[in-house]
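Reviewing the structure listed below.
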Amino acid sequence: QVQLVESGGGLVRVGGSLRLSCVASGRTFGTYAMGWFRQAPGKEREFVAVASWDGGTKYYANSVKGRFTISRDNAEHTVYLQMSSLKSEDTAVYYCAAGPVLMSGSYNAATDYPSWGQGTQVTVSS
């Protein structure tokens, strides 16, 4: 199992930027894919982005493609989500997740990830 702690959430204006961080502990971090999900009030948790174990393969939800960038630093056991051109509909609790995901298979379902952080709130105001 991997323990995950997110940070970096907050209040930002429409069009602004924010960077989320997720620090992981556990020996398997370097072998796991790392994903970001989000959940808005009254909605299902949805996939945002994922990076393979080495950061070489990345996928994004269509709703954030071109605006968000996922990256990871395995030496620092940290994964980042750089969010730009933020919209009000990006408002949600953002969760970091880790799992032995095969990038050639399913990677965007919450059930693909056994380890989760506690979440960090992102609020985009107009």
Side-chain angles (χ1 to χ4, degrees):
Q1 282 284 357
V2 178
Q3 291 75 46
L4 305 169
V5 179
E6 303 98 333
S7 62
L11 176 65
V12 63
R13 296 232 183 229
V14 169
S17 299
L18 210 56
R19 189 177 79 158
L20 306 182
S21 300
C22 173
V23 179
S25 59
R27 292 180 293 175
T28 54
F29 172 79
T31 64
Y32 275 10
M34 296 297 298
W36 286 96
F37 287 73
R38 66 187 182 186
Q39 188 166 18
K43 293 190 175 181
E44 300 270 325
R45 190 170 297 191
E46 65 172 0
F47 167 78
V48 174
V50 62
S52 60
W53 68 273
D54 62 350
T57 302
K58 300 173 185 178
Y59 296 119
Y60 297 91
N62 288 335
S63 58
V64 307
K65 203 172 292 183
R67 300 188 298 121
F68 290 11
T69 302
I70 187 171
S71 61
R72 64 188 293 167
D73 183 338
N74 283 355
E76 296 296 326
H77 282 211
T78 303
V79 62
Y80 303 97
L81 185 69
Q82 177 67 49
M83 304 184 294
S84 303
S85 302
L86 282 161
K87 306 175 181 179
S88 56
E89 51 263 44
D90 294 319
T91 295
V93 177
Y94 283 71
Y95 296 91
C96 175
V101 172
L102 294 178
M103 302 298 280
S104 58
S106 176
Y107 57 81
N108 61 355
T111 52
D112 295 328
Y113 300 82
S115 299
W116 291 84
Q118 83 288 351
T120 186
Q121 176 71 46
V122 172
T123 303
V124 184
S125 67
S126 56

> If you round to the nearest 0.5 Å, how far is CD of Glu89 from NZ of Lys43?
Replying inline: 8.5 Å
>> Taking salt bridge (Lys or Arg N to Asp or Glu O under 4.0 Å) as the definition, give me every residue that meets it alongside Glu46, ordered by chain and number, with sequence neighbours left out.
In response: Arg38
>> Which heavy atom of Ser85 sits nearest to which heavy atom of Ser17, and what is that distance?
In response: N-OG, 4.4 Å
>> Can you confirm whether Leu18 sits close enough to Val122 that some side-chain heavy atom of one is under 4.5 Å from a side-chain heavy atom of the other?
In response: yes
> Are Arg45 and Trp116 close enough that some pair of their side-chain heavy atoms sits under 4.5 Å apart?
Replying inline: yes
>> Can you confirm if the NZ or CZ of Arg72 lies within 45° of the ring axis of Trp53 and under 6.0 Å from the centre of its six-membered ring?
In response: no
> Given the rule that I, L, V, M, F, W and Y join up when any side-chain heavy atoms are under 4.5 Å apart, are Val14 and Val12 in one cluster?
Replying inline: yes
> Heavy atoms, side chains only, cut-off 4.5 Å: are Gln118 and Tyr95 in contact?
Replying inline: no
>> If I take atom CG from residue Leu20 and atom OG1 from residue Thr78, how far apart are they, to the nearest 0.5 angstrom?
In response: 13.0 Å
> Closest approach of Ala51 and Met103, non-hydrogen atoms and distance?
Replying inline: C-CE, 4.2 Å
> When rounded to the nearest 0.5 angstrom, what distance separates CD in Glu6 from CH2 in Trp36?
Replying inline: 5.5 Å
> Using the benzene-type ring in the case of Trp, are the ring centres of Tyr113 and Phe37 under 6.0 Å apart?
Replying inline: yes
>> Please confirm whether the ring centroid of Tyr107 lies under 6.0 Å from the ring centroid of Tyr59.
In response: yes
> Can you name the side-chain hydrogen bond (donor to acceptor under 3.5 Å, both in side chains) partners of Thr123, sequence neighbours left out?
Replying inline: Gln121
>> To the closest 0.5 Å, what do you measure between CZ (Phe47) and CG (Asn62)?
In response: 10.0 Å
>> Can you confirm whether Leu4 sits close enough to Met34 that some side-chain heavy atom of one is under 4.5 Å from a side-chain heavy atom of the other?
In response: yes
>> Tell me whether Tyr80 shares a hydrophobic cluster with Met83, the cluster being built from Ile, Leu, Val, Met, Phe, Trp, Tyr side chains joined at under 4.5 Å.
In response: no
> Would you say the side chain of Val79 lies within less than 4.5 Å of the side chain of Leu81, judging by non-hydrogen atoms?
Replying inline: no
> Between Val48 and Ile70, is there a shared hydrophobic cluster once you connect ILVMFWY residues whose side-chain heavy atoms come closer than 4.5 Å?
Replying inline: yes
> Just by modelled atom types, is the His77 backbone N or O under 3.5 Å from a matching donor or acceptor in the Asn74 side chain?
Replying inline: no
> Partners of Thr31 by side chain to side chain contact (heavy atoms under 4.5 Å, CB included), sequence neighbours excluded?
Replying inline: Thr28
> Tell me the disulfide (SG to SG under 2.5 Å) pairs involving residues 90-122, sequence neighbours left out?
Replying inline: Cys22-Cys96
>> The criterion is salt bridge (Lys or Arg N to Asp or Glu O under 4.0 Å); which residues satisfy it with Asp112, sequence neighbours excluded?
In response: none
>> Please give me the minimum heavy-atom distance between Ala40 and Ala92, naming the atom from each residue.
In response: N-CB, 3.8 Å
>> Looking at every heavy atom in both Ala24 and Val2, which two are closest together, and how far apart are they?
In response: CB-CG1, 3.7 Å
>> I want to check something: taking the side chain as every heavy atom from C-beta on, are Arg13 and Ser126 in contact at a cut-off of under 4.5 Å?
In response: no
> Counting only N and O atoms by type, is there a donor-acceptor contact under 3.5 Å from the side chain of Thr111 to the main-chain atoms of Ala109?
Replying inline: no
>> Which residues pass the salt bridge (Lys or Arg N to Asp or Glu O under 4.0 Å) test with Arg67, not counting sequence neighbours?
In response: Asp90
